[in-house]
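Notes follow the structure.
In what follows, chains are A, B, ... by sequence order, proteins preceding strands, each numbered from 1. In this text the structure is predicted, and so the values were computed from the model without any measurement.
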Amino acid sequence: NAISFNQTGELLATGDKGGRVVIFQREPECNNEPYCQGEYNVYSTFQSHEPEFDYLKSLEIEEKINKIRWLPQQNAAHFLLSTNDKTIKLWKVSERDKRPEGYNLKDEEGRLKDVSTVTSLQVPVLKPMDLMVEVSPRRVFANAHTYHVNSISVNSDCETYMSADDLRINLWHLAITDRSFNIVDIKPANMEELTEVITAAEFHPHHCHLFVYSSSKGTLRLCDMRAAALCDKHAKLFEEPEDPSNRSFFSEIISSISDVKFSHSGRYLLTRDYLTVKVWDLNMENKPMETYQVHDYLRSKLCSLYENDCIFDKFECAWNGSDSVIMTGAYNNFFRMFDRNTKRDVTLEASRESSKPRAVLKPRRVCAGGKRRKDDISVDSLDFTKKILHTAWHPAENIIAIAATNNLYIFQDKVNSEMH
Amino acid sequence: MYSKYATDVSTQVQNSQLQLMQKDVDTGSYWLPLVAGGPKCRLQVGPNPRLKVGSSLSLTRYMLGRGVKRKMSEYEASGGLGPLPDLPYPQQRQLVLDLCLNKLQGCHTRAEPSLHRSVLLANTLRHIQEELRREGGDPPAILAPAPPHVATPLHSPDMPPIPPDCGVICSPTGGCWPGLPIAMKEPGLIGGCGDNTRSSDSLFGSFEITNSTSYLTDLAFDDIFEDIDTSMYDSSDFSVLALPPARGTGTTTGPEDSLKPFPSCTSTSTLQLCLTDLNDLDHIMEILVGS
């Protein structure tokens, strides 16, 4: 399920495979109890996408929401973009908590009054009413993608955004739906020569002319839109040479980058491939600054994971607000956090049993042979159907949202000084 | 032209190291010799045959459902989670190759299959094929058998030539699907033996035929392919990405050369034989892939 916090963290949107979007709002902190931090409650639910059928190809177009991105707030309403495989939609989320009363020509139920009964004029007044959240589609950006849309990213100029599919990236203006500019096209003239696809793309958080996209071959390309209209030539190419000692049949598959995120500072890039997360410095292209092993114990199980298709799972990754901690999901409903400063890491589980309200998550450990401690999980008993692909971190506070199969978990850090 | 084509097929069959399926013409079922001269095992071919050939590993897995006893392999004994390294390298590679091909075949979903996944599978396949090509020698001798404790199917050179009308696949819309690495009806033609350049050549060589326009114009589409059941193949199959041309230029070398890879190319080449013009192929590809 796609997850995204808005820029303030007040709203959290999730999209499911049924095409529905649920928005949670954080309740304002109550002053009664010392540790009563605002909790997230459902704010609005709406059907974003419906299943469609492509008659030309005789294929279904799934309504599953792939990505959600919030626009920076510019007025009282909130705007978000949601996308399925083919169509991106802009939604306006607005509140209504007042309504006018005292019309001259209409009565309370809205029926027209008989004009002859009106003896005096009154000025309608706004009276408070129960809060109503209205979500309406404002734009539909359709028919621009032949392949499956995997990413959308709002530009820092707040006027444009890009959408990326397997082979192309398009630049849109938020107000214009019948046109988009193609800024990256890696489709070969002969499709039989295709060996690489785009897996993720994102705009730089501050520089509206820079964006990055990742590929299935484990490369990152930073592109500058000022250089040319078509950004097929990258400004920078980030690639780590392969470690020959780890070469296997699956080396290429596990090097495919499933997610890329700029740091909030804009100086670093975070990438996720099948077994690791890596932090790259924008100024160093030949290797990542840091590499963290997410679940290296799976390296010897790659053949089985290939057989059951788990090797193609696409995990997302996330930065915390200060760019000091990175997080990503794994199997068995585990997710991992890495503190870049202390180099400590922790494995936590998102499950009903471990998530009683206010309970502190207990660190988990996976043992891959060797000495087994109590409560360790052995590699062979990991449940590969329980995968945490989508995670999100509040932009400022230590609040994380984890999507596990059909459940959404929101964890908050009681003690702000250290991660739990 | 037709008879010449049949002759070339038989030549290729005898020279290739590939695992071939004998077709029982009457019943439509296939016989697959597990070991040369060994007992034959009957595999049912239904409307959606998903025959897995290659290593005995995948074959025995298929046979399991048919009540045939077999010895537990090392792979299964370990609980199925590996350890892959325990198998000799050629066997590992063969297993991965089989998995790859199976996955590329199995894209019969209602929604569009993932291009990302298809490309990764195709690249893995290509990598293995290149390795096979680099290792394989020239002489088309009988492949040296695998270590005795693994019963790898061996090629029997005495197979009769496959008649051209079996295993030909065309999509119902008449478009070609050049990328399908295995014909549903002739899966035995791919990589049955681990180290063979000829098999890898054949797999990629299928794409050479697309450039042999002179040959293609002589074929009558309907005559050859009228008895083929095409109901299960629709144009959405993404296996088109599976195999790039190994010899990239693809210049035509004349009808005879272009025929050589045929029997192992299975549906890819036969599909391309449906086309009368290379430009048609590109055009149809554009439509099918939706570019």
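To the nearest 0.5 Å, atoms CG (B:Leu120) and OH (A:Tyr306) are separated by 9.0 Å. Here the CD1-CG distance, from A:Ile253 to B:Asn123, works out to 8.5 Å after rounding to the nearest 0.5 Å.
Heavy atoms closer than 4.5 Å to chain B are found in the side chain of A:Leu167, but not in its backbone. Interface residue A:Lys86: only side-chain heavy atoms are found under 4.5 Å from chain B. Within the 4.5 angstrom heavy-atom criterion, no atom of A:Asn150 approaches chain B. Residue A:Ser256 touches chain B through its side chain alone, counting heavy-atom pairs closer than 4.5 Å.
By the side-chain contact (heavy atoms from CB on, under 4.5 Å) test, A:Asn1 pairs with A:Asp16, A:Ala403, sequence neighbours left out. Listed by chain and number, the residues in a salt bridge (Lys or Arg N to Asp or Glu O under 4.0 Å) with A:Arg179 amount to none (sequence neighbours excluded).
Enclosure of atom CG in A:Asn246 by more than 12 non-hydrogen atoms of other residues, nucleotides or ligands within 6.0 angstrom is indicated. The 12-atom threshold is exceeded at OH of A:Tyr297, counting heavy atoms of other residues, nucleotides or ligands nearer than 6.0 Å. Counting non-hydrogen atoms of other residues, nucleotides and ligands closer than 6.0 Å to CG of A:Asp178 gives a total above 12. Under a cut-off of 6.0 angstrom, the local environment of NZ in A:Lys386 is sparse, with at most 12 non-hydrogen atoms contributed by other residues, nucleotides or ligands.
Put simply, the side chain of B:Ser118 does not reach to within 4.5 Å of the side chain of A:Leu194, judged on heavy atoms.
Aromatic ring pairs are classed by plane angle as parallel below 30°, tilted from 30° to 60° and perpendicular above 60°; the pair A:Phe249 and B:Tyr89 is parallel.
Side chains of B:His116 and A:Thr199: no donor on one and acceptor on the other come within 3.5 Å.
Counting all heavy atoms, side chain and backbone alike, B:Arg117 lies closest to A:Asp309 at NH2-OD2, 2.9 Å. The two residues B:His127 and A:Arg247 make their nearest non-hydrogen contact at CE1-NH2, 3.3 Å.
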Next item on the list: Kindly indicate, with the supporting measurements, whether the criterion side-chain contact (heavy atoms from CB on, under 4.5 Å) is fulfilled by B:Ser114 and A:Asp166.
Entry: CA-CA 9 Å; B:Ser114 159; A:Asp166 293 318; 5.8 Å; no
